[in-house]
Amino acid sequence: MSVQRSVLVTGATGLIGKALCRRLIARGDRVVVFTRNPATARTIMPGAAQYVAWDAKPGDWEAALETVDAVVHLAGASIAGRRWTPAYKREILESRTLSTRALVDAMARARQRPSVFVCASGIDYYGPRGDEPVDESAPPGRNFLAQVCVAWEGEACRAADLGVRTVMIRTGIVLDRREGALARLLLPFQLFVGGPILPGTQWWSWIHLDDEVGLILRCIDDERASGPFNGVAPEPQRNRDFSATLGRVLGRPSWLPLPGFVLRLILGEMAPALLIERQRAVPSKALALGYQFAYPTLEPALRAALARSS
Ligand SMILES: NC(=O)c1ccc[n+]([C@@H]2O[C@H](COP(=O)([O-])OP(=O)(O)OC[C@H]3O[C@@H](n4cnc5c(N)ncnc54)[C@H](OP(=O)(O)O)[C@@H]3O)[C@@H](O)[C@H]2O)c1
(Lines give C-alpha, C1' and ligand atoms only; values in the text may rest on other atoms or scores of the structure.)
Protein backbone atom coordinates (compact mmCIF):
# COMPACT_ATOMS: atom_id res chain seq x y z
CA MET A 1 0.00 0.00 0.00
CA SER A 2 1.37 3.42 -0.90
CA VAL A 3 0.92 6.49 1.29
CA GLN A 4 -1.26 9.23 -0.20
CA ARG A 5 0.96 11.79 -1.88
CA SER A 6 0.80 15.02 -3.74
CA VAL A 7 2.35 14.56 -7.18
CA LEU A 8 3.17 17.26 -9.74
CA VAL A 9 3.06 15.98 -13.33
CA THR A 10 4.27 17.88 -16.42
CA GLY A 11 3.27 16.48 -19.81
CA ALA A 12 0.11 15.19 -18.10
CA THR A 13 -1.84 15.64 -21.34
CA GLY A 14 0.45 13.26 -23.24
CA LEU A 15 0.32 9.50 -23.77
CA ILE A 16 2.23 8.51 -20.63
CA GLY A 17 1.09 11.49 -18.55
CA LYS A 18 -2.64 10.78 -18.95
CA ALA A 19 -2.21 7.13 -17.99
CA LEU A 20 0.00 8.08 -15.03
CA CYS A 21 -2.42 10.74 -13.72
CA ARG A 22 -5.36 8.32 -13.94
CA ARG A 23 -3.47 5.74 -11.88
CA LEU A 24 -2.35 8.36 -9.33
CA ILE A 25 -5.91 9.67 -8.94
CA ALA A 26 -7.30 6.11 -8.74
CA ARG A 27 -5.01 5.29 -5.82
CA GLY A 28 -5.97 8.48 -3.98
CA ASP A 29 -2.99 10.72 -4.69
CA ARG A 30 -3.45 14.45 -5.20
CA VAL A 31 -2.36 15.37 -8.74
CA VAL A 32 -1.09 18.81 -9.71
CA VAL A 33 -0.96 19.20 -13.50
CA PHE A 34 1.65 21.56 -14.93
CA THR A 35 0.67 22.45 -18.48
CA ARG A 36 1.11 25.10 -21.13
CA ASN A 37 -2.68 25.33 -21.43
CA PRO A 38 -4.77 24.64 -18.29
CA ALA A 39 -8.16 24.94 -20.06
CA THR A 40 -7.23 22.26 -22.59
CA ALA A 41 -5.57 20.10 -19.95
CA ARG A 42 -8.77 20.08 -17.86
CA THR A 43 -10.60 18.56 -20.83
CA ILE A 44 -7.90 16.10 -21.83
CA MET A 45 -6.98 15.01 -18.31
CA PRO A 46 -9.90 15.68 -15.92
CA GLY A 47 -9.84 14.92 -12.19
CA ALA A 48 -6.62 16.61 -11.05
CA ALA A 49 -6.65 18.76 -7.92
CA GLN A 50 -4.97 21.71 -9.63
CA TYR A 51 -4.07 22.88 -13.15
CA VAL A 52 -1.12 25.24 -13.21
CA ALA A 53 0.10 27.20 -16.24
CA TRP A 54 3.85 27.01 -16.59
CA ASP A 55 6.74 27.46 -18.98
CA ALA A 56 10.47 27.20 -18.79
CA LYS A 57 10.84 30.59 -17.08
CA PRO A 58 10.61 31.52 -13.39
CA GLY A 59 6.98 32.38 -12.52
CA ASP A 60 3.96 32.00 -10.27
CA TRP A 61 3.99 28.25 -10.86
CA GLU A 62 6.89 27.93 -8.43
CA ALA A 63 4.51 28.26 -5.45
CA ALA A 64 2.74 25.03 -6.48
CA LEU A 65 6.06 23.18 -6.58
CA GLU A 66 6.47 23.78 -2.85
CA THR A 67 3.25 21.89 -2.08
CA VAL A 68 4.14 18.52 -3.62
CA ASP A 69 5.94 15.38 -2.46
CA ALA A 70 6.97 14.22 -5.92
CA VAL A 71 7.59 15.71 -9.36
CA VAL A 72 7.24 13.68 -12.57
CA HIS A 73 8.53 15.58 -15.59
CA LEU A 74 7.32 14.18 -18.90
CA ALA A 75 6.88 17.32 -21.02
CA GLY A 76 8.75 17.76 -24.28
CA ALA A 77 8.07 18.40 -27.97
CA SER A 78 7.13 15.15 -29.71
CA ILE A 79 10.16 13.33 -31.13
CA ALA A 80 8.15 12.02 -34.08
CA GLY A 81 5.73 14.95 -34.31
CA ARG A 82 7.27 16.71 -37.29
CA ARG A 83 10.11 16.46 -39.77
CA TRP A 84 13.43 17.18 -38.07
CA THR A 85 14.29 20.61 -39.45
CA PRO A 86 17.12 22.41 -37.60
CA ALA A 87 14.45 24.56 -35.85
CA TYR A 88 12.41 21.53 -34.76
CA LYS A 89 15.53 19.73 -33.52
CA ARG A 90 16.23 22.74 -31.36
CA GLU A 91 12.65 22.60 -30.05
CA ILE A 92 13.01 18.88 -29.25
CA LEU A 93 16.16 19.65 -27.26
CA GLU A 94 15.19 22.90 -25.54
CA SER A 95 11.64 21.87 -24.62
CA ARG A 96 13.34 19.23 -22.46
CA THR A 97 16.52 20.86 -21.20
CA LEU A 98 15.13 24.34 -20.45
CA SER A 99 11.99 22.98 -18.74
CA THR A 100 14.05 20.59 -16.63
CA ARG A 101 16.44 23.40 -15.72
CA ALA A 102 13.51 25.64 -14.72
CA LEU A 103 12.04 22.93 -12.47
CA VAL A 104 15.37 22.21 -10.77
CA ASP A 105 16.17 25.92 -10.36
CA ALA A 106 12.75 26.33 -8.70
CA MET A 107 13.52 23.34 -6.42
CA ALA A 108 16.77 25.05 -5.43
CA ARG A 109 14.86 28.20 -4.44
CA ALA A 110 12.00 26.36 -2.70
CA ARG A 111 11.61 26.45 1.09
CA GLN A 112 10.24 22.94 0.87
CA ARG A 113 11.57 20.56 -1.80
CA PRO A 114 9.90 17.44 -3.19
CA SER A 115 11.41 14.21 -1.93
CA VAL A 116 11.63 12.64 -5.39
CA PHE A 117 12.07 13.86 -8.97
CA VAL A 118 11.28 11.43 -11.79
CA CYS A 119 12.36 12.77 -15.18
CA ALA A 120 11.62 11.18 -18.54
CA SER A 121 14.44 10.19 -20.87
CA GLY A 122 14.80 7.60 -23.62
CA ILE A 123 16.86 4.52 -24.44
CA ASP A 124 17.98 6.76 -27.30
CA TYR A 125 20.53 7.80 -24.66
CA TYR A 126 22.65 4.82 -25.74
CA GLY A 127 22.70 5.64 -29.49
CA PRO A 128 22.66 2.85 -32.11
CA ARG A 129 23.96 -0.37 -30.44
CA GLY A 130 23.40 -3.25 -32.89
CA ASP A 131 22.98 -6.59 -31.10
CA GLU A 132 24.65 -5.55 -27.84
CA PRO A 133 22.33 -5.82 -24.81
CA VAL A 134 22.45 -2.47 -23.01
CA ASP A 135 21.65 -1.96 -19.35
CA GLU A 136 21.76 1.28 -17.39
CA SER A 137 25.54 1.12 -16.96
CA ALA A 138 26.21 1.45 -20.70
CA PRO A 139 27.82 4.70 -21.88
CA PRO A 140 25.89 7.25 -23.98
CA GLY A 141 25.84 7.35 -27.76
CA ARG A 142 26.66 10.30 -29.97
CA ASN A 143 23.76 10.81 -32.38
CA PHE A 144 21.22 13.63 -32.05
CA LEU A 145 18.78 11.84 -29.75
CA ALA A 146 21.60 10.56 -27.55
CA GLN A 147 22.86 14.13 -27.19
CA VAL A 148 19.34 15.28 -26.29
CA CYS A 149 19.06 12.60 -23.58
CA VAL A 150 22.52 13.36 -22.17
CA ALA A 151 21.74 17.09 -21.91
CA TRP A 152 18.25 16.40 -20.48
CA GLU A 153 19.55 13.95 -17.86
CA GLY A 154 22.39 16.36 -17.05
CA GLU A 155 19.81 19.00 -16.09
CA ALA A 156 17.78 16.45 -14.09
CA CYS A 157 20.85 15.26 -12.15
CA ARG A 158 21.25 18.75 -10.67
CA ALA A 159 18.21 17.87 -8.50
CA ALA A 160 20.22 15.04 -6.95
CA ASP A 161 22.87 17.61 -5.96
CA LEU A 162 20.10 19.39 -4.01
CA GLY A 163 19.41 16.20 -2.06
CA VAL A 164 16.26 15.30 -4.03
CA ARG A 165 16.11 11.59 -4.94
CA THR A 166 16.31 11.67 -8.73
CA VAL A 167 15.30 9.01 -11.25
CA MET A 168 15.53 9.11 -15.03
CA ILE A 169 13.25 6.72 -16.90
CA ARG A 170 14.92 5.80 -20.20
CA THR A 171 11.81 4.68 -22.02
CA GLY A 172 11.64 2.45 -25.10
CA ILE A 173 8.71 2.12 -27.53
CA VAL A 174 5.49 2.50 -25.50
CA LEU A 175 2.71 0.28 -26.83
CA ASP A 176 -0.62 2.04 -27.26
CA ARG A 177 -3.17 1.66 -30.01
CA ARG A 178 -4.08 5.37 -30.26
CA GLU A 179 -0.79 7.23 -29.86
CA GLY A 180 2.89 6.64 -30.53
CA ALA A 181 4.80 4.20 -32.71
CA LEU A 182 2.36 1.26 -32.56
CA ALA A 183 -0.59 3.46 -33.56
CA ARG A 184 1.34 4.52 -36.68
CA LEU A 185 2.21 0.93 -37.57
CA LEU A 186 -1.39 -0.27 -37.50
CA LEU A 187 -2.67 1.23 -40.75
CA PRO A 188 -0.40 -0.69 -43.17
CA PHE A 189 -1.27 -3.93 -41.39
CA GLN A 190 -4.98 -3.14 -41.52
CA LEU A 191 -4.58 -2.48 -45.27
CA PHE A 192 -2.85 -5.90 -45.69
CA VAL A 193 0.50 -4.26 -46.59
CA GLY A 194 2.23 -4.62 -43.22
CA GLY A 195 5.70 -6.06 -42.82
CA PRO A 196 9.13 -5.62 -41.27
CA ILE A 197 11.11 -2.42 -41.58
CA LEU A 198 14.35 -3.45 -43.26
CA PRO A 199 16.82 -4.73 -42.34
CA GLY A 200 14.35 -6.27 -39.83
CA THR A 201 17.19 -7.52 -37.64
CA GLN A 202 17.28 -4.26 -35.62
CA TRP A 203 16.10 -4.62 -32.02
CA TRP A 204 12.95 -2.93 -30.80
CA SER A 205 12.80 -2.44 -27.05
CA TRP A 206 9.15 -1.97 -26.19
CA ILE A 207 7.07 -1.57 -23.00
CA HIS A 208 3.34 -1.83 -22.34
CA LEU A 209 1.85 1.49 -21.17
CA ASP A 210 0.69 -0.14 -17.89
CA ASP A 211 4.28 -1.15 -17.12
CA GLU A 212 5.67 2.26 -18.06
CA VAL A 213 3.26 3.78 -15.54
CA GLY A 214 3.86 0.97 -13.04
CA LEU A 215 7.59 1.60 -13.16
CA ILE A 216 7.16 5.36 -12.67
CA LEU A 217 4.90 4.71 -9.65
CA ARG A 218 7.42 2.26 -8.26
CA CYS A 219 10.19 4.84 -8.65
CA ILE A 220 8.07 7.44 -6.83
CA ASP A 221 7.25 5.07 -3.98
CA ASP A 222 10.44 3.04 -3.52
CA GLU A 223 13.16 5.00 -1.74
CA ARG A 224 15.79 2.65 -3.12
CA ALA A 225 15.13 3.88 -6.68
CA SER A 226 17.59 6.45 -7.99
CA GLY A 227 19.54 7.20 -11.16
CA PRO A 228 18.65 5.85 -14.61
CA PHE A 229 16.11 3.06 -15.21
CA ASN A 230 15.50 1.48 -18.61
CA GLY A 231 11.74 1.65 -19.17
CA VAL A 232 11.52 -1.44 -21.37
CA ALA A 233 10.13 -4.97 -21.05
CA PRO A 234 12.62 -7.79 -20.37
CA GLU A 235 12.25 -9.28 -23.87
CA PRO A 236 13.11 -6.85 -26.66
CA GLN A 237 12.39 -8.22 -30.14
CA ARG A 238 13.99 -7.87 -33.52
CA ASN A 239 11.79 -5.73 -35.75
CA ARG A 240 10.98 -8.68 -38.06
CA ASP A 241 9.73 -10.71 -35.06
CA PHE A 242 7.83 -7.69 -33.68
CA SER A 243 6.14 -7.25 -37.08
CA ALA A 244 5.30 -10.97 -37.37
CA THR A 245 3.76 -10.94 -33.87
CA LEU A 246 1.79 -7.78 -34.66
CA GLY A 247 0.47 -9.38 -37.87
CA ARG A 248 -0.59 -12.50 -35.93
CA VAL A 249 -2.35 -10.46 -33.23
CA LEU A 250 -4.17 -8.40 -35.88
CA GLY A 251 -5.00 -11.45 -38.00
CA ARG A 252 -3.20 -9.82 -40.94
CA PRO A 253 -0.17 -10.93 -42.95
CA SER A 254 3.25 -9.44 -42.22
CA TRP A 255 4.83 -9.84 -45.63
CA LEU A 256 5.67 -6.53 -47.34
CA PRO A 257 9.11 -5.36 -46.22
CA LEU A 258 9.50 -1.60 -45.98
CA PRO A 259 13.00 -0.53 -47.09
CA GLY A 260 14.72 1.85 -44.70
CA PHE A 261 15.77 4.20 -47.54
CA VAL A 262 12.10 4.74 -48.50
CA LEU A 263 11.31 5.73 -44.93
CA ARG A 264 14.30 8.04 -44.93
CA LEU A 265 12.99 9.71 -48.09
CA ILE A 266 9.55 10.21 -46.51
CA LEU A 267 10.49 11.01 -42.91
CA GLY A 268 14.07 12.32 -43.24
CA GLU A 269 16.69 11.97 -40.51
CA MET A 270 14.21 10.73 -37.89
CA ALA A 271 13.55 7.46 -39.77
CA PRO A 272 16.86 5.71 -39.04
CA ALA A 273 17.00 7.14 -35.52
CA LEU A 274 13.51 6.01 -34.53
CA LEU A 275 13.00 2.84 -36.55
CA ILE A 276 16.32 1.32 -37.62
CA GLU A 277 19.37 2.32 -35.58
CA ARG A 278 17.94 1.10 -32.30
CA GLN A 279 19.00 -0.51 -29.04
CA ARG A 280 18.53 -3.88 -27.37
CA ALA A 281 17.83 -2.39 -23.95
CA VAL A 282 17.25 -4.52 -20.86
CA PRO A 283 15.55 -3.37 -17.62
CA SER A 284 18.29 -4.51 -15.21
CA LYS A 285 17.53 -1.96 -12.50
CA ALA A 286 13.75 -2.47 -12.57
CA LEU A 287 14.28 -6.23 -12.19
CA ALA A 288 16.87 -5.70 -9.42
CA LEU A 289 14.28 -3.59 -7.58
CA GLY A 290 11.82 -6.49 -7.85
CA TYR A 291 9.47 -4.72 -10.27
CA GLN A 292 7.12 -7.36 -11.69
CA PHE A 293 6.17 -6.65 -15.28
CA ALA A 294 2.46 -7.09 -16.00
CA TYR A 295 3.44 -7.71 -19.65
CA PRO A 296 6.93 -9.23 -19.86
CA THR A 297 6.38 -10.77 -23.33
CA LEU A 298 5.26 -9.15 -26.56
CA GLU A 299 2.22 -11.06 -27.77
CA PRO A 300 0.09 -10.63 -24.60
CA ALA A 301 1.28 -7.01 -24.40
CA LEU A 302 0.15 -6.31 -27.97
CA ARG A 303 -3.17 -8.13 -27.46
CA ALA A 304 -3.86 -6.05 -24.34
CA ALA A 305 -2.74 -2.76 -25.94
CA LEU A 306 -4.89 -3.34 -29.02
CA ALA A 307 -7.96 -4.45 -27.03
CA ARG A 308 -7.93 -1.40 -24.78
CA SER A 309 -10.85 0.99 -25.34
CA SER A 310 -9.49 4.09 -23.51
N1 LIG B 1 5.93 7.47 -25.79
C2 LIG B 1 7.11 6.88 -26.00
O3 LIG B 1 7.19 5.84 -26.69
C4 LIG B 1 8.37 7.47 -25.38
C5 LIG B 1 9.59 6.80 -25.60
C6 LIG B 1 10.76 7.34 -25.06
C7 LIG B 1 10.72 8.52 -24.33
N8 LIG B 1 9.52 9.13 -24.13
C9 LIG B 1 9.53 10.42 -23.39
O10 LIG B 1 8.58 10.41 -22.34
C11 LIG B 1 7.95 11.71 -22.25
C12 LIG B 1 6.45 11.51 -22.30
O13 LIG B 1 6.14 10.83 -23.52
P14 LIG B 1 4.69 10.90 -24.18
O15 LIG B 1 4.69 9.93 -25.32
O16 LIG B 1 3.65 10.81 -23.13
O17 LIG B 1 4.73 12.41 -24.77
P18 LIG B 1 3.60 13.20 -25.56
O19 LIG B 1 2.36 12.38 -25.71
O20 LIG B 1 4.23 13.72 -26.83
O21 LIG B 1 3.26 14.41 -24.56
C22 LIG B 1 4.24 15.27 -24.07
C23 LIG B 1 3.61 16.48 -23.39
O24 LIG B 1 4.62 17.50 -23.40
C25 LIG B 1 4.03 18.78 -23.57
N26 LIG B 1 4.64 19.38 -24.78
C27 LIG B 1 4.41 19.07 -26.08
N28 LIG B 1 5.14 19.85 -26.89
C29 LIG B 1 5.85 20.68 -26.08
C30 LIG B 1 6.77 21.74 -26.32
N31 LIG B 1 7.12 22.09 -27.57
N32 LIG B 1 7.30 22.37 -25.24
C33 LIG B 1 6.96 22.02 -23.98
N34 LIG B 1 6.06 21.05 -23.69
C35 LIG B 1 5.53 20.38 -24.74
C36 LIG B 1 2.53 18.59 -23.77
O37 LIG B 1 1.89 18.90 -22.51
P38 LIG B 1 1.08 20.30 -22.30
O39 LIG B 1 0.51 20.69 -23.62
O40 LIG B 1 0.01 19.91 -21.29
O41 LIG B 1 2.04 21.28 -21.76
C42 LIG B 1 2.41 17.09 -24.10
O43 LIG B 1 1.20 16.54 -23.63
C44 LIG B 1 8.47 12.57 -23.41
O45 LIG B 1 9.42 13.49 -22.93
C46 LIG B 1 9.12 11.56 -24.34
O47 LIG B 1 10.25 12.07 -25.02
C48 LIG B 1 8.35 8.65 -24.66
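Counting convention: from 1, in listed order, for ligands and their atoms alike.
- Legend: residues meeting side-chain hydrogen bond (donor to acceptor under 3.5 Å, both in side chains) with D161, ordered by chain and number and at least two apart, are absent.
- Just one of R23, R165, R5 meets the salt bridge (Lys or Arg N to Asp or Glu O under 4.0 Å) condition when paired with D221; it is R5.
- In this structure, R170 satisfies the cation-pi test against Y125, with its NZ or CZ atom closer than 6.0 Å to the six-membered ring centre and inside 45 degrees of the ring normal.
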Which atom pairs, one a donor and one an acceptor, fall under 3.5 Å between side chains of residues 189-199 and the rest of the protein, sequence neighbours left out?
none

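- Residue pairs meeting the side-chain hydrogen bond (donor to acceptor under 3.5 Å, both in side chains) criterion with at least one member in residues 63-76, sequence neighbours excluded: T10-H73, E66-R111, H73-S99, H73-T100.
- The contact shell of ligand 1, taken as protein residues with any non-hydrogen atom closer than 4.0 angstrom, comprises G11, T13, G14, L15, I16, T35, R36, L74, A75, G76, A77, E91, S95, R96, A120, S121, W152, T171, G172, V174.
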Practice task
I would like to know whether D131 and R238 meet salt bridge (charged side-chain N to carboxylate O under 4.0 Å, His left out); could you show each step before the answer?
Solution key: CA-CA 9 Å; D131 286 346; R238 291 187 189 275; 3.2 Å; yes

